[in-house]
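This report refers to the structure that appears directly beneath it.
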Amino acid sequence: MDAPVAKAPVKIKPWLPYWAVFREDFRQTLRSWVYRTWVLVSVLTAVGYMHYRVAEFRGAGIVQHASELISDLLRWCVVGSITLIIVLTAGSISSERGTLADSVLSRGISRYQYFLGKWHARLVAVIGTFFMVGLVTIAASVFLLHADISWVGSVLALVAVAAILGIVISCGVTFSAVFSNTMLGISVVWILVYGVGFTLWLLPLHYPPQFHVLSSLPFIVRGEYNFSILLRLVGWSALISCILAVVGMGYFSRRDV
Amino acid sequence: MAESPQDLVVETYKLTKIYQNRQIAINDVTLRIEPGCVLGLLGPNGAGKTTFLRLCLGLHRPTAGWVKVFGKRMTANAANVRRRIGYIPTNPQFPRGMSPISYLDYMARLFGLPQDIRKPRLASLIRAVDLLAVSGEPIAGFSNGMTARLAVAASLINEPDLLVWDEPTHGLDIEARRSMLELIKTLSREKTLIVSSHNLGDIDEVCNHAAVLSRGQLIYSGSLQDLKGRMRRNHYELDLEGDQKAIAKATQAIKGLSDFKSVQLRHRRLEVRLNDDATNTSALANVFMTLADNKVTLVSIRSVGQQTEQAFLDLVEKEESRGFTRAYQVNEAA
């Protein structure tokens, strides 16, 4: 009789589970109605507002500056669509708890990888979409309106707003790992984000300077920016996002699912 | 027998789970599961079976005590240990819009299996669980039997050494249930299994060991044979053949014997219940003698009540009565 063939050990790819969660969550995010609503609202707002500005220029002959349109749209994006971004992120983990999370977390994946996969997928989906819509809007405004913008300034303005969105996304994913109830998570993040935003708005101008970037968006878009302040904004935002994620990840790895 | 704790597949020590300081789900459970064991996890609703399994998988964190799987402590981040486990939850849920191929591929990725391993393996499993014809269809439209088969395939994708199946026959029709039990029997030849089920007949058929939980406490752990051995064998049914008058006469004679609590004749079926202090062998010998004296033929004899079920119910009943006794003693002391 032939000797039994020894089973060769399978070489496990340690980061494949992370990529699996990332890819699946990214797909699910793009398929979700909240994401599609957010994209639709953003596109319709941009198209509608641009149409109004173009009509004002063609009808009344009033010169319309692309920098004003872009900065208005970016401000509205932060103030308006953040609610939808909170809904999109604050249920990322809690909505799967007890059902789908069982099927995933009972496999060869650590809680850390699961959290990182979810967090990064939401960051890429939201910020990637924001950049795509933003760049198309900037390009359209250059052709349709009085082009007084600087390309570098416009991209830096997008980066600045994306950094703020990054904090909101991280906050949403972290609280979705902390709370079992999705509605509770959304409510807490909504109150927290708008509360902090309102408090910063009430503070004296230029204190803290990096978080008053929204008021100086028209200048940044025109290329009149202070690079070090923008750099500090991005740095602080990245730090706050990372701290939030570490807290969420640490808590999630110690709790029941 | 496992020679050292390292050889054990699952070992729990004083495992306790209390939910939010409100509900005691698992209380001081110490259990050892050896390689090759097919353990049936029994217990009434709310006994803590699912909680116990989730603790073994690291989905829940113990309040006190510990779980070791393959000699390593199970935690939420023990991905390496979970790579050797295949799990089926009670009601498996599947991500929307996925097909069996994409779902199994996702599960295999979660185990870190490279493409050259996972693709052939998922193809073989889809064929094995008979989902080849619907392998590209969305899972959302699948029947209970099909989703159960897919869950089985997902639990085997990593070729695990330990299978943890929570109510695998739940919601299945007779044919699907039969196939599932046959599969468990086949897998038990080379793997260790923990099967939780409400259906004691299933446990009786496929398991060689049993653990009984009642209100979070482990009230029995050992071989299924030993569990059955604890059963009170005091209720029998005898199917008889012969002259009806002779059967009636024999019944009257048996009623006169002191070993029996009750003797009832329904047509040609004699039902006898033994006194608690009676020995079943001598009592039944007397019954056979009486039947022979009256020229009545015995067609069949059986112990009433499914054996494992009866043993299980006896255990739970005994544990609950102990509980009442304890409560009474505590009140009296106060």
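Here is how names work: the chains are called A, B, and so on, in the same order as the sequence lines, proteins then strands, and each is numbered from 1.
A salt bridge between Arg118(B) and Asp105(B) is present, with a side-chain N of the basic residue lying under 4.0 Å from a carboxylate O of the acidic one. Between Arg177(B) and Asp202(B), at least one side-chain nitrogen of the basic residue sits less than 4.0 Å from a carboxylate oxygen of the acidic one, meeting the salt-bridge criterion.
Only the side chain of Gln28(A) comes within less than 4.5 Å of a heavy atom in chain B; its backbone stays farther off. Using a 4.5 Å cut-off between heavy atoms, Arg27(A) does not touch chain B at all. Of the two parts of Pro95(B), the backbone and the side chain both hold a non-hydrogen atom closer than 4.5 Å to a non-hydrogen atom of chain A. The part of Ile117(B) that comes within reach of chain A is its side chain, from C-beta onward, which places non-hydrogen atoms under 4.5 angstrom from that chain. Contact annotation for Val257(A): both backbone and side-chain heavy atoms come within less than 4.5 Å of a heavy atom of chain B. Only the side chain of Arg54(B) comes within contact range of chain A, judged by heavy atoms closer than 4.5 Å. Interface remark: Ala151(B) contributes no atoms to any contact with chain A (heavy atom separation under 4.5 Å).
Contact count versus chain A (heavy atoms, under 4.5 Å) is highest, among Met107(B), Arg61(B), Arg83(B), for Arg61(B). Put simply, of Arg23(A), Arg255(A), Arg31(A), the one with the most heavy-atom pairs under 4.5 Å next to chain B is Arg23(A).
Because its NZ or CZ atom is not both nearer than 6.0 Å to the ring centre of Trp15(A) and within 45° of the ring axis, Lys13(A) does not count as a cation-pi partner of that residue. In this structure, Arg107(A) forms no cation-pi arrangement with Phe111(B), as its terminal cationic atom is not both closer than 6.0 Å to the ring centre and no more than 45° off the ring axis.
Other residues, nucleotides and ligands contribute more than 12 heavy atoms inside 6.0 Å of the CG atom of Asp116(B).
A perpendicular orientation is assigned to the rings of Tyr19(B) and His60(B), their planes being inclined by more than 60° (bins at 30° and 60°). Phe22(A) and Trp19(A) have perpendicular rings, their planes meeting at more than 60° on a 0 to 90° scale where under 30° would count as parallel.
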